[in-house]
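What follows is a short report on a single structure.
Letters A, B, ... mirror the listed sequences (proteins, then strands); counts begin at 1. This is a predicted model, so every value here is computed, not measured.
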Amino acid sequence: MKIVVLSLIVIIGIQVQAQTGKIPKGFISIFNGKNLKGWHISRSTHQGTTPNFYVENGVLLAKENPYGQGGLLMTDKQYKNFELYMEVKIDSFANGGIFLRSNEGGAAYQVEMVLPGSTGELLGERIQVSKGAKATDREKVWKANDWNSFKIRMVGDTPHITLWINDVQMWDVTEPKNDMIAEATEGMIALQCHWTALYSPAAGNGMPLIMWQPGATHRYRNIAIRKLN
Amino acid sequence: MQKQIFKMIEKIFHTAALILLFESGSLYSNAQEVTKQNAAIQDSLYTNGIGMKFILIKPGSMIVGKFQPTVFKTSQTPDSVYKVALEMAKHDAMPGFTVTIKDAYYIGQFEVTQEQWEKIMGTNPSYFKGGKVKDDPVQHPVENVSWYDAQQFIKKLNESEKGKAVYRLPSEFEWEYAARAGATDDITWNEIRKTAVIATNTTSTVGKKQPNAWGLYDMLGNVWEWVEDFYNEKIFADPIPPKNGKEHVLKGAPFYGDVKNATYMTHAAGPGSKYDVGFRIVMEIK
């Protein structure tokens, strides 16, 4: 009996956690809250090839592994025109991001996620982005030490990208040209855990510790997508 | 005014020449060293029937997978966090293991080019061909080839050169031993930038950057290179590679790579992004 009650408590607990937040109407979940089905680790990004992405209580967590080696968790599918939704809770001093139209090696448009810092900024990872954008109004809507929602729309052969944080539009950018390698017009969604350490001090200093402090974590839930024409 | 500038430049050159004269002893010995190295490379060069150049790699040993993660403290990080980082780095450090290369082998001085691929296969699967690059694309590495495609190329090359040589992909350790060219520790960012095509958006003509100490070009950068081994899904290779697996190992980093992964220590794996994966081959010594 005790075991049954305990199990019920655990199950209810998991469901409460997983059901917090909401996927917008018309979106399809691409993270099942149980495992990494539909996703894979990039084995060819400079961020690192063995990051620790795992699922706990309906939440996807990202950590470095081994020490100082980050990485990318990517969708198995490629997307061209889409709206992406997710809720994010990030530790301070941990640099991650949402990669858009990424290739397998992690060259992509990126919405940066770092605190303190430029969370919501549009950047390029391994590509030169013609026109960046800053989420200058982010702090007005940001919930500190809590879940915050990101919605990103990306459409067009020449990318037109829009970001909303907590349902408030931060920016809307149309690039003057497609900056992707090989002029790719589709790619994977990827979540980044930044690297900090080189393999040996002989190579150099590596990244300052603030790029991903020891044990820091990024958390994601309710990841969903709506394909657009 | 112009004349004055020319005179000034002339003076600077004269001074530089005088300094060089004083230093001539060391210059002479450097030149001798370079000549000796070139002679050694020339002795060990082999060119096959389709113009592929190979360099002889002599037996030796190296340490693979030595992990000494760096911890870079700046003023923004408190001492307490730095201390934790040091402990974690120490905990995760790995001594690596010794790999002995028992037999000499020849390895391609360059990545297999689009031209060489076409000579053997009659097609060119590469993305960066035609108007996609500014110079002659056929001298760029072939890419958009799977591990199995590379095996097909090798099979056909072996048939065409029958009796003269036996070709295959390098093992990961043969590749890394040749890429290290005697280096016992990791490569510096300075050296990477001199020798590797990275941080750009297309492949490059092979051999545009400086060669490594054994005369091999583009071991790092330009395209990822397939090796024979299956991938073990770990940060570094195991002393004995797995007998099977989902993917094969990639070494060397792509043209859009970073100084972080354009090192001979990087142990990556397929599938890659198609246009960023090529290979070089080994010629066995019977």
Side-chain angles (χ1 to χ4, degrees), chain A residues 40-51 63-71 74 78 92-93 102-108 116-117 124-128 179-184 187-188 194-216, chain B residues 66-74 76-77 81-82 84-85 87-94 127-128 132 183-190 192 199 201-202 224 231 233-236 247 250 253-263 265-277:
Chain A
H40 67 276
I41 301 284
S42 167
R43 304 297 190 179
S44 56
T45 169
H46 75 285
Q47 308 289 342
T49 53
T50 55
K63 287 181 178 172
E64 287 189 335
N65 176 64
Y67 176 80
Q69 299 297 307
M74 313 182 128
Q78 306 219 11
S92 293
F93 304 111
S102 180
N103 74 1
E104 190 64 34
E125 182 68 45
R126 310 316 300 157
I127 60 167
Q128 292 284 333
D179 303 305
M180 288 296 297
I181 295 170
E183 290 161 36
M188 292 162 283
H194 206 289
W195 68 276
T196 47
L198 296 170
Y199 299 137
S200 163
N205 287 330
M207 280 285 162
L209 277 173
I210 52 160
M211 289 302 274
W212 199 281
Q213 277 194 0
Chain B
K66 187 173 178 181
F67 186 47
Q68 317 158 72
T70 56
V71 181
F72 185 15
K73 185 182 183 301
T74 55
Q76 294 146 295
T77 302
V81 174
Y82 178 56
V84 174
E87 278 164 15
M88 285 174 75
K90 195 178 166 192
H91 177 267
D92 288 357
M94 292 182 276
Y127 175 82
F128 291 105
K132 297 276 188 342
T184 53
D185 209 331
D186 203 359
I187 183 171
T188 65
W189 285 10
N190 240 351
I192 294 170
N201 53 8
T202 72
W224 284 112
Y231 180 52
E233 305 195 4
K234 295 179 188 171
I235 181 171
F236 297 120
E247 289 291 347
L250 290 172
F255 54 85
Y256 61 89
D258 186 271
V259 280
K260 161 69 166 53
N261 65 340
T263 137
M265 291 185 70
T266 298
H267 171 72
S273 309
K274 294 188 175 175
Y275 54 69
D276 61 0
V277 183

Grab the two heavy atoms, one from B:Phe72 and one from A:Met207, that are nearest each other, plus how far apart they are. CB-O, 3.3 Å
Side chains of B:Phe236 and B:Lys66: does their closest heavy-atom pair fall under 4.5 Å? no
Considering only heavy atoms, which portion of A:Thr45 lies under 4.5 Å from any heavy atom of chain B: side chain, backbone, both, or neither? backbone
Heavy-atom pairs under 4.5 Å with chain B: which of A:Gly105, A:Ala107, A:Gly68 has the most? A:Gly105
Pick whichever of B:Ile192, B:Ile235, B:Val84 has the most heavy-atom pairs under 4.5 Å with chain A. B:Ile235
B:Tyr127 side chain to A:Ala182 backbone, donor-acceptor under 3.5 Å: yes
All ring-ring contact (aromatic ring centres under 6.0 Å, His included) counterparts of A:Tyr67, not counting sequence neighbours: none
Heavy-atom donor-acceptor pair, A:Arg43 side chain to B:Pro271 backbone, under 3.5 Å: no
Interface moiety of A:Ser200 toward chain B, non-hydrogen atoms closer than 4.5 Å: both
B:Asn261, B:Asp92, B:Thr70: which one forms the most heavy-atom pairs within less than 4.5 Å of chain A? B:Thr70
Measuring heavy-atom distances to chain B, does A:Gln47 have an atom under 4.5 Å in its side chain, in its backbone, in both, or in neither? backbone
Which heavy atom of A:Trp195 sits nearest to which heavy atom of A:Gly206, and what is that distance? CZ3-CA, 3.9 Å
Heavy-atom pairs under 4.5 Å with chain B - which of A:Gln213, A:Glu104, A:Gln128 has more of them than the others? A:Glu104
Proximity breakdown for A:Thr49 and chain B, heavy-atom pairs closer than 4.5 Å: both
Report the option among B:Asp186, B:Asp258, B:Thr266 that has the most heavy-atom pairs separated by less than 4.5 Å from atoms of chain A. B:Asp258
B:Pro254 portion near chain A, given a 4.5 angstrom heavy-atom threshold: neither
Of all the heavy-atom pairs spanning B:Ala268 and A:Ser44, show the shortest one and how long it is. CB-CA, 4.3 Å
Part of B:His267 within contact of chain A (heavy atom distance under 4.5 Å): backbone
With chain A, the option among B:Asn201, B:Asp276, B:Val81 that has the most non-hydrogen atom pairs under 4.5 Å is B:Val81
Highest number of heavy-atom pairs under 4.5 Å with chain B: which of A:Asn103, A:Asp179, A:Thr50? A:Asn103
Of the listed B:Glu87, B:Lys73, B:Gln76, the one with the largest count of heavy-atom pairs under 4.5 Å with chain A is B:Gln76
Most contacts with chain B, counted as non-hydrogen pairs under 4.5 angstrom, among A:Pro201, A:Ala203, A:Ala202: A:Ala203
Work out which heavy atom in B:Ala262 is nearest to a heavy atom in B:Ala253; give both atom names and the distance. CA-CB, 3.6 Å
If you define the side chain from C-beta out and look only at heavy atoms, does anything of B:Asp185 sit under 4.5 Å from B:Gln68? yes
Which class fits the ring pair B:Phe128 and B:Tyr275: parallel under 30°, tilted 30 to 60°, perpendicular over 60°? perpendicular
For B:Trp189, is it the side chain, the backbone, both, or neither that has a heavy atom closer than 4.5 Å to a heavy atom of chain A? both
